[in-house]
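Take a look at the structure below.
Residue numbering restarts at 1 for every chain, and letters A, B, ... go by the order of the sequence lines.
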Amino acid sequence: MRAFVFKLVTATLEQLVQEGTLPDEVLPLLLRGGLDFKVERPREKSHGDFSTNAALVLARMARMKPRDLAQKILDALPLEQDGETRCEIAGPGFINFYLSPARLRQLIPEILSQRDTYGHSRLGEGKRVLVEFVSANPTGPMHVGHGRGAVTGDAIARLLSAVGFHVEREYYINDAGNQVDVLGRSVLYRYREIRGLPAVKPPSYYPGEYVTEIAAALNNQDQDLWLTASEPFGQPLDENTLPTPPKEVVDFTIARVIEDIRKDLEILGIQFDHWFSERTLHQEGGIDRVLAHLVEKNLIYQGVLERPKGGDVDSSDETDLRLQTLFRATEFGDDADRSLKKADGSYTYFAADIAYHFDKAKRGYDLLVDVWGADHGGYVKRVQAALEAMTGRKDLLDVVLTQMVNLTQGGKQVRMSKRAGTFVTLREVLEETGADAVRFWFLTRSSGAGLDFDLDLAKAKTNDNPVFYVQYAHARVYSLFAKLKERSLSEGEGDLSRLVAPEELDLIRLLGVFPEVVESAALSREPHRLTYYLLELAAVFHGYYNNYRILDEDPELRGARLSLIRAAGQVIANGLTLMGVSAPVSM
RNA sequence: GCGUUUGUAGCUCAACGGAUAGAGCACCGGCCUUCUAAGCCGUAGGUUGCAGGUUCGAGUCCUGCCAGGCGCGCCA
């Protein structure tokens, strides 16, 4: 609907250029979209259904007072003032559009015929987007923070898909590097323990219970096979000469952990199109090629990095004065050049990450979206820098950062400590509250802000619980239709013109906003906008329900109201679906 | 020290550069007991951390401060 008004205004401005009211230079700007005039929903209800600032933006170029120009625009608008739509000038020069009740009511059959596609659009023109998210290291179970990333990424993918992008979901598995060796050693150490052999904790290891479980499974499957390999763990190990665990043990362990993660994601209802292994990059020489490419562009040199000042970096450490292989990230807006190779000649994580993102770019996507934990925020610039260096494209990668989640119960914080091994896994929370609560709740804040997750409230069947509040609005619609049957009432010959109450027209207006909410949430990568919209819609719906009798005696009125709430139920269901939350028919 | 992010009502948070900055909870006052869930109406609550700047117009953009989070290594 907004697009319609926008086109109307644009056409009118073109006409004013031809008439000479507006200078010729406006025309090219208009065609290129170079003018930032807007058609928007006013916050203030009395300002109409739509409003445009066109006269304010163009006043200077037209050398006219904003209100005078507004009058010219108004006169030229090809709108018949036939009672469908009404316009007026207000404030400093806004032009406000008021839709008539008749026009508003048309929306109900539109929604009912579009059903689950209402709110969708073709804005994305089928452009290909790759959303990479979760990508939790395969070294242990997912915790709550990973869950937030998972839910956010999936919601963004759903939103982009709804507005017409071709979306694929990808999980990047960090199955190379030091950490997987640490993991393999942790398993071998526990393997010895299980077999009752002498075992000493390696200098660094993963303490969680899951490691022991995996070791037990390994023992079950392979029995004595790893006795020799585990021998070094019978005595204290020197940090500098740690044994490399056998590939089979590492693979077995990673496969187990990934399977566990996959299960969490399945409970959440998230499916990936691609699982991309970091290891394949190393094996197929992808990293070498990327480095060669950068050498060709003269973006690599041997140098020394300055030591960071202050903070808790140990300034007595001399290792950073060593000559290393550096990428000229500063030429692309980063704050420092970045290391690509370690002293032992192996690649840094960053080198692999460049190769990975370059691989994504080569696969031909028009847009890459990454969802990362906020603790990785410092890497955004360098990855974008590298991507620009490799592809020449500046805005290819969009990174969304998600902040921490705090679990609370009974108003008190649930402490999570990885060191003490008492951290709460995502699985535990899912079992406690269910996937709907987790998904909805994780989308109630903008992703950049911290989030408190109240375990008690998320389970509560009260209106304080936002998940319940919205889902219940949906269920209420269905319960009314059930009641209708129970009383053997007909749905009635709905006469929509009987919908005259301000609450009814407000509800319709709100239903009309839905497509715009979906669009803005998708384009800004801010799924929480959808959540807020649904909360508002649920509130308006509940208010209507509480103040008006839907199942009225009069069949014409009853039918009209039933159509309205059916449309409302449809919009709530569509919104919940975009969040990945179920829309229950009864509760 | 540098980067990044956040700072909005007592609390938790919204607000695509728009008009008088909004919800929920809590508080206070008043109704109500319904098509299933304590609902409904109303009052009050603000110098949007501070100071400048950009413009028709700034919570939003720019600069500088203040405060919290995260990050700043050849860890991933």
Need one value for [X]: base, sugar-phosphate or nothing, where a base atom within 4.0 Å counts as base even if backbone is also close, heavy atoms only.
X        : result
A/Tyr472 : base
A/Asn96  : base
A/Ala336 : nothing
A/Thr444 : nothing

Starting the side chain at C-beta, find the nucleotide from [options] nearest to [X].
X        : options                : answer
A/Gln179 : B/rA76, B/rC35, B/rU12 : B/rA76
A/Tyr545 : B/rC13, B/rG17, B/rA37 : B/rA37
A/Asn174 : B/rA76, B/rC13, B/rU4  : B/rA76
A/Arg549 : B/rU12, B/rU34, B/rA19 : B/rU34

Euclidean distance, atom [atom1] of residue [X] to atom [atom2] of [N] [Å, nearest integer]:
X        : N      : atom1 : atom2 : value
A/Asp337 : B/rG73 : CG    : P     : 14 Å
A/Asn178 : B/rA76 : CG    : P     : 6 Å
A/Lys485 : B/rU36 : NZ    : C1'   : 19 Å
A/Asp454 : B/rC13 : CG    : C1'   : 15 Å
A/Arg445 : B/rC13 : CZ    : P     : 5 Å
A/Trp441 : B/rC13 : CH2   : C1'   : 12 Å
A/Phe50  : B/rA19 : CZ    : C1'   : 18 Å
A/Tyr533 : B/rG22 : OH    : C1'   : 17 Å

Practice task
Report the C-alpha separation of A/Arg558 and A/Glu553 in whole Å, then their side-chain angles, then the decisive distance to 0.1 Å, and conclude whether the salt bridge (Lys or Arg N to Asp or Glu O under 4.0 Å) test is met.
Solution key: CA-CA 7 Å; A/Arg558 183 169 72 230; A/Glu553 308 274 307; over 6 Å; no
Handout entry: Aro-ring/base stack A/His528-B/rA14, d under 5.5 Å, angle under 30°
Key =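 Not stacked by the 5.5 Å and 30° rule.
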Pairwise [atom1] distance, [M] and [N] [rounded to whole Å]:
N      : M      : atom1 : answer
B/rC40 : B/rG49 : C1'   : 38 Å
B/rU20 : B/rU48 : P     : 14 Å
B/rA21 : B/rA58 : P     : 13 Å
B/rG24 : B/rG3  : C1'   : 36 Å
B/rU33 : B/rA15 : P     : 39 Å
B/rA44 : B/rG57 : P     : 31 Å
B/rG46 : B/rG10 : P     : 6 Å
B/rG71 : B/rU54 : C1'   : 31 Å

Problem - Backbone N/O of A/Ala460 and side chain of A/Asn465: donor-acceptor pair under 3.5 Å - result: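 Yes; judged by distance alone, with no hydrogens or angles, the pair exists.
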Pairs under 3.5 angstrom, nitrogen or oxygen only, protein versus nucleotides 53-64 of chain B, please.
| residue | atom | partner | partner atom | Å |
| --- | --- | --- | --- | --- |
| B/rC56 | OP1 | A/Arg60 | NE | 3.3 |
| B/rC56 | OP1 | A/Arg60 | NH2 | 3.0 |
| B/rC56 | OP2 | A/Arg60 | NH2 | 2.3 |

N/O contacts under 3.5 Å, protein versus nucleotides 38-46 of chain B?
| residue | atom | partner | partner atom | Å |
| --- | --- | --- | --- | --- |
| B/rG39 | OP1 | A/Asn463 | ND2 | 3.0 |
| B/rG39 | O3' | A/Asn546 | ND2 | 3.3 |

With no angle test and no hydrogens, is the base of [N] tied to the side chain of [X] by a donor-acceptor pair under 3.5 Å?
X        : N      : value
A/Tyr532 : B/rA23 : no
A/Glu40  : B/rC16 : yes
A/Thr139 : B/rA76 : no

Exercise for the section: Tell me, please, which residues at least two apart from A/His47 pass side-chain hydrogen bond (donor to acceptor under 3.5 Å, both in side chains). Expected result: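 Checked A/His47 against side-chain hydrogen bond (donor to acceptor under 3.5 Å, both in side chains); zero matches.
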Practice task
Using side-chain hydrogen bond (donor to acceptor under 3.5 Å, both in side chains) as the criterion, list what pairs up with A/Thr330, not counting sequence neighbours.
Solution key: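 Partners of A/Thr330 by the side-chain hydrogen bond (donor to acceptor under 3.5 Å, both in side chains) criterion, ordered by chain and then number, come out as A/Asp337.
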Handout entry: Secondary-structure notation, RNA chain B, from Watson-Crick and G-U pairs under 3.5 angstrom (| other strand)
Key = (((((((..((((....[...))))..((((.......))))......(((((..]....))))))))))))....
Exercise for the section: Hey, which sits more toward the 5' end of RNA chain B by its nearest nucleotide, A/Glu278 or A/Gly450? Expected result: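 Of the two residues, A/Gly450 wins.
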Exercise for the section: By nearest nucleotide on RNA chain B, pick out whichever of A/Glu526 and A/Tyr548 is the more 5' one. Expected result: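 The residue closer to the strand's 5' end, by nearest nucleotide, is A/Glu526.
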Below 4.0 Å: OP1/OP2 of [N] and any side-chain N or O of [X]:
X        : N      : answer
A/Thr348 : B/rC75 : no
A/Lys342 : B/rG73 : no
A/Lys38  : B/rC16 : no

Practice task
Start with the C-alpha gap between A/Asp506 and A/Arg509, add the side-chain angles, then the distance that decides, and say whether salt bridge (Lys or Arg N to Asp or Glu O under 4.0 Å) holds.
Solution key: CA-CA 5 Å; A/Asp506 281 347; A/Arg509 282 192 182 93; 3.1 Å; yes
Handout entry: Value rounded to 0.5 Å, distance of CD in A/Glu170 from OG in A/Ser135
Key =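 One gets 8.0 Å once the value is rounded to the nearest 0.5 Å.
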Problem - Full working for side chain to side chain contact (heavy atoms under 4.5 Å, CB included) between A/Arg566 and A/Phe481 - result: CA-CA 9 Å; A/Arg566 179 174 270 159; A/Phe481 280 97; 3.2 Å; yes
Exercise for the section: Can you see which heavy atom on A/Phe165 is nearest to which on A/Leu523, and at what distance? Expected result: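 Minimum heavy-atom contact is CE1-CD2, 4.3 Å.
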Handout entry: Reference residue A/Phe442; test side-chain contact (heavy atoms from CB on, under 4.5 Å); the match among A/Thr402, A/Thr531, A/Val405
Key =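 Exactly one candidate clears the test, A/Val405.
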Practice task
Please name the residue in the list A/Phe37, A/Phe94, A/Phe6 that meets the side-chain contact (heavy atoms from CB on, under 4.5 Å) test with A/Thr52.
Solution key: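 Only one of A/Phe37, A/Phe94, A/Phe6 forms a side-chain contact (heavy atoms from CB on, under 4.5 Å) with A/Thr52, namely A/Phe37.
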Problem - Test applied, side chain to side chain donor-acceptor pair (under 3.5 Å); reference residue, A/Thr325; option that passes from A/Lys341, A/Gln302, A/Lys342 - result: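 Option passing the side chain to side chain donor-acceptor pair (under 3.5 Å) with A/Thr325: A/Gln302.
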Problem - is_close_aromatic(A/His474, A/Phe541), centroid dist under 6.0 Å - result: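 Centroid distance A/His474-A/Phe541: not below 6.0 Å, so no.
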Practice task
Test salt bridge (Lys or Arg N to Asp or Glu O under 4.0 Å) on A/Asp554 and A/Arg498 and set out the steps.
Solution key: CA-CA 10 Å; A/Asp554 179 347; A/Arg498 298 290 297 275; 2.8 Å; yes
Could you go through nucleotides 68-71 of chain B and list every protein N or O atom that sits under 3.5 Å from one of its N or O atoms, giving the distance for each pair?
| residue | atom | partner | partner atom | Å |
| --- | --- | --- | --- | --- |
| B/rC70 | O2' | A/Ala374 | O | 3.4 |

